[in-house]
A.B. asks: 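Attaching a single structure in structure tokens format; questions to follow.
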There are 2 protein chains.
Amino acid sequence: MTPAAIIGGGVIGGGWAARFLLNGWDVRVFDPDPDAKRKIDAVLENARRALPGLLDVALPEEGGLSFHDTIAEAVTGAVWIQESVPERLEIKQQTFAAIQAACDPAAVIGSSTSGFRPSDLQQSSLRPEQIIVCHPFNPVYLLPLVEVVTTALTAPEILEQSLATLRGLGMYPLHLKKEIDAHVADRLLEAVWREALWLVKDGIATTAEIDDAIRYGFGLRWAQMGLFETYRIAGGEAGMKHFMAQFGPALAWPWTKLTDVPEFTEELVDLIAGQSDAQSGHYSIRDLERLRDGNLVAMMRALKGQGWGAGDVLAAQERAMREGHALGQRAADVTDPAAPVLTVRRAVPLDWTDYNGHMNEAKYLQAFGDATDRFMELIGCDAEYIASGGSYFTAETHIRHLDEVHAGTVIEVHTRVLGGGGKKMHLWHEMHAGARLLATGEHFLLHVSLDTRRPSQPAPEIDAALRRFADAQAQLPRPAGAGRFVGAPRDGPAGGGAVA
Amino acid sequence: MTPAAIIGGGVIGGGWAARFLLNGWDVRVFDPDPDAKRKIDAVLENARRALPGLLDVALPEEGGLSFHDTIAEAVTGAVWIQESVPERLEIKQQTFAAIQAACDPAAVIGSSTSGFRPSDLQQSSLRPEQIIVCHPFNPVYLLPLVEVVTTALTAPEILEQSLATLRGLGMYPLHLKKEIDAHVADRLLEAVWREALWLVKDGIATTAEIDDAIRYGFGLRWAQMGLFETYRIAGGEAGMKHFMAQFGPALAWPWTKLTDVPEFTEELVDLIAGQSDAQSGHYSIRDLERLRDGNLVAMMRALKGQGWGAGDVLAAQERAMREGHALGQRAADVTDPAAPVLTVRRAVPLDWTDYNGHMNEAKYLQAFGDATDRFMELIGCDAEYIASGGSYFTAETHIRHLDEVHAGTVIEVHTRVLGGGGKKMHLWHEMHAGARLLATGEHFLLHVSLDTRRPSQPAPEIDAALRRFADAQAQLPRPAGAGRFVGAPRDGPAGGGAVA
């Protein structure tokens, strides 16, 4: 698999390692810290828990992880080299020298620097055109944003390759037009950080109160629209100019203390650390990381349901992954219509589990519904067709919950056509985790007109595609459990499995 | 119903009106703007679309909305008076004079001011003890945060009443210990706003790029944890002190431009307004509001699934609403065990609909699963019992989707026991919207040990409670459609309804 080199482990380097590995890259790590392996393993454990289920398509096989004693060894053969060493310019420049002495001149060298400009990093380097800023955000394996900053010296093919690679990793590269210290996001963060320090120092609010003022209010706004789009709405129909006329003058008011920098005394550090202990000390950092990751996964998937923001980044990655895969085929591509069709292949996401610790019963139907959607798409009932006014509605569903499954496990659904043609479609889904049969779903659907909301004939090409599967599969033995009713006596091995 | 007075309509006053109305209060509006009714109706239309389904319990009947020609008339009889007039101190003070000349001295007078201190507002007022700052965030009908700011003059019972009322409205009152100009959240916002203006003015980033730098990165973090808890994690096991030692020094670096205020020239206003048009001009403000509300509802409900932040505020409101309601009863409170049990009463939330424009099939099972959970709780299989190691797992499910339903509609599920006792529980759910039967769900469950994950006997008191319902309901006629299998011939009116 394609190799990436991670120079400098820690939270950020480890996050990059996880992002690459779980997207199927081989990862070669150099970090002189004797604890590097333990630290990266801890990040990886979190990432394996949260990332795979974030998407509605299973990620490729995880790549291989190796640790190396020298930078030269780590970067050899790598097409991407990510530098995440401590934030001191001379260390970074020495690191680039060692990297460039051994690496492929066509590889991207991305720096995770939060403060330095790319021209600082390129200075006195062997091949400045190869070094760019790729500044990610913690947790790197979940948050999409990467600030990509280049200079006039940057090779166009390096930039192009970096944007394509980052998108392939499910990230959102934001290519900045000009370089400045600390790029864009950290300047905004820094402004808030200073103001927050004043609020704590002056006893206006505690760290917990400031966090509440953020997460119950504008934090929810900013997770989906940013500052300007939010204010555009606040301006109402009169628009952005009106908003600025109304609130602009406040800029000159003595609202903020940002005219100088609070002194970073031991007293202030103790005050903040003490308040933070009172606020979050009952959780370990590991607890907090897992709570955060669960929240991020659930919110990003919620945004995907709305077709917006970070959710759109997920959707784009899924579309790319389905291309050239069985999950992206159309009916005409299917050479053996007698075989059950793979309609879902995904990891169980964190937000699909419930108080019993396993996938919630409603998510079995969610997965079967996704399988039905995919089968509909396969036979031509896709978004375009639905927009033209036809669709299939489910009239009846029967599910046997045969076994439990937990977050992170890859599940597959294969779909059979028990009958179909005209207005009717009778589907049979089987959900497996490896060889384990987790559930079966039997569904009767009717084609409807979205205008009249009544049953109607599908388009002839959809009818033909459906009949091709139905006819070919009519020869298959009837699946055990089909036609079963709730509470029927056990009717063979499928009906007699463990409950879930 | 309890009356609230809204003095000043507009986006904020209208948002308050919607919050009160949809929580069952009567709302009495005074606003001299001839357009006030139209503006409030527009906010209300958005709120009715988004708020009711945010909770897993239906809100009470909407209160009555009336418009009044004088402040005196509007505030008469009100127990809460919310002032949202323009942000000029003399206008606010005149408004308080008019309010206090007519209102109940025991009513809370809350000001929506974003800038003024409560002592400014109380100044020269008739009863300063009655006036407090209650600063909400747009959209007021969805975001939980309210900054509550008081002074030494504030009556303790006014403060207490305000906190209880705001919590009852599903909000999160953050009571600040000290008053300052612009309170807490807007000081943080102001810091970001200034920095963002510099970034645009200097051509570093456009409004769209700044928004992306927020919403694909730290915005997602801040929607659930704030600044300090996020940084605590960044500090790793070494904690907050380590984080500050690592990043504190950056404060003294020349990262930010916040040492003076950018001049608010016409050129800067045009630049920002133009960029904002390019970014969001293809949406109307109404579009943007609805996109935002859909995102907020989906994210807040996602957080509720994780038991965190804004989701916990929703859960607290639901708990309070279930108290003293049929949905909060225990089995011993049920006097007629032969009657089907109300197990769900809720509005269909925005995030339960799909590309067909109606409630997605998987959400039928979600609602039936919620109904099963509620019935389990009723018979004593509650969170405490489950923590002790026993629970019911669903083994088999049959759903008839009989009719469509759309976001915002109130649905009810009534539950019958078709059989139960020992390890077994056989439930029958009927979902209605008013008189319309939307779906039936037939479910077979087994009691399991959460240690062995195998079927086991429930606690005797749960068994007894279940048998009491099963025995009493055995006399009821068998529901049409029970025992049906997928694709069975139509067996009566229930099986022959429209599809959904």
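Naming: A, B, ... by sequence-line order, numbering from 1 per chain.
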A.B. asks: Report yes if some heavy atom in the side chain of B/His175 is under 4.5 Å from a heavy atom in the side chain of B/Glu147; otherwise report no.
C.D. replies: no
A.B. asks: Based on non-hydrogen pairs under 4.5 Å, which of B/Arg221, B/His443, B/Met171 is most in contact with chain A?
C.D. replies: B/Arg221
A.B. asks: In terms of side-chain geometry, is the basic nitrogen of B/Arg400 or A/Glu396 positioned less than 4.0 Å from the acidic oxygen of its partner?
C.D. replies: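 Judged by the 4.0 Å cut-off on N to carboxylate O distance, B/Arg400 and A/Glu396 do not form a salt bridge.
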A.B. asks: Kindly assign one of parallel, tilted or perpendicular to the pair A/Trp193 and B/Phe228, based on the angle between their ring planes and the thresholds 30° and 60°.
C.D. replies: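 A/Trp193 and B/Phe228: tilted rings.
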A.B. asks: Where on B/Val313 is there a heavy atom nearer than 4.5 Å to chain A: the side chain, the backbone, both, or neither?
C.D. replies: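 For B/Val313, the side chain is the part near chain A, not the backbone.
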A.B. asks: Measure A/Leu288 against the heavy atoms of chain B and call it side chain, backbone, both or neither at under 4.5 Å.
C.D. replies: both
A.B. asks: Which bit of A/Asp354 comes within less than 4.5 Å of chain B, counting heavy atoms only: side chain, backbone, both or neither?
C.D. replies: neither
A.B. asks: Under 4.5 Å from any heavy atom of chain B, what part of A/Phe444 do you find: side chain, backbone, both or neither?
C.D. replies: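 For A/Phe444, backbone and side chain are both near chain B.
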A.B. asks: Relative to chain A, which segment of B/Asp370 carries a heavy atom at a distance below 4.5 Å: side chain, backbone, both, or neither?
C.D. replies: neither
A.B. asks: Counting only heavy atoms closer than 4.5 Å, note whether B/Val200 contacts chain A via side chain, backbone, both or neither.
C.D. replies: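 Only the side chain of B/Val200 comes within 4.5 Å of chain A.
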A.B. asks: Under 3.5 Å, is there a donor on one side chain and an acceptor on the other for B/His398 and B/Glu442?
C.D. replies: no
A.B. asks: Can you say whether B/Leu199 sits under 4.5 Å from chain A via the side chain, the backbone, both, or neither, judging by heavy atoms?
C.D. replies: side chain
A.B. asks: Less than 4.5 Å to any heavy atom of chain A: does that hold for the side chain of B/Leu174, its backbone, both, or neither?
C.D. replies: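 For B/Leu174, the side chain is the part near chain A, not the backbone.
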A.B. asks: Can you tell me which portion of B/Lys39 sits under 4.5 Å from chain A's heavy atoms? Options are side chain, backbone, both or neither.
C.D. replies: neither
A.B. asks: Could you look at A/Ile386 and say if it's the side chain, the backbone, both or neither that has a heavy atom under 4.5 Å from chain B?
C.D. replies: side chain
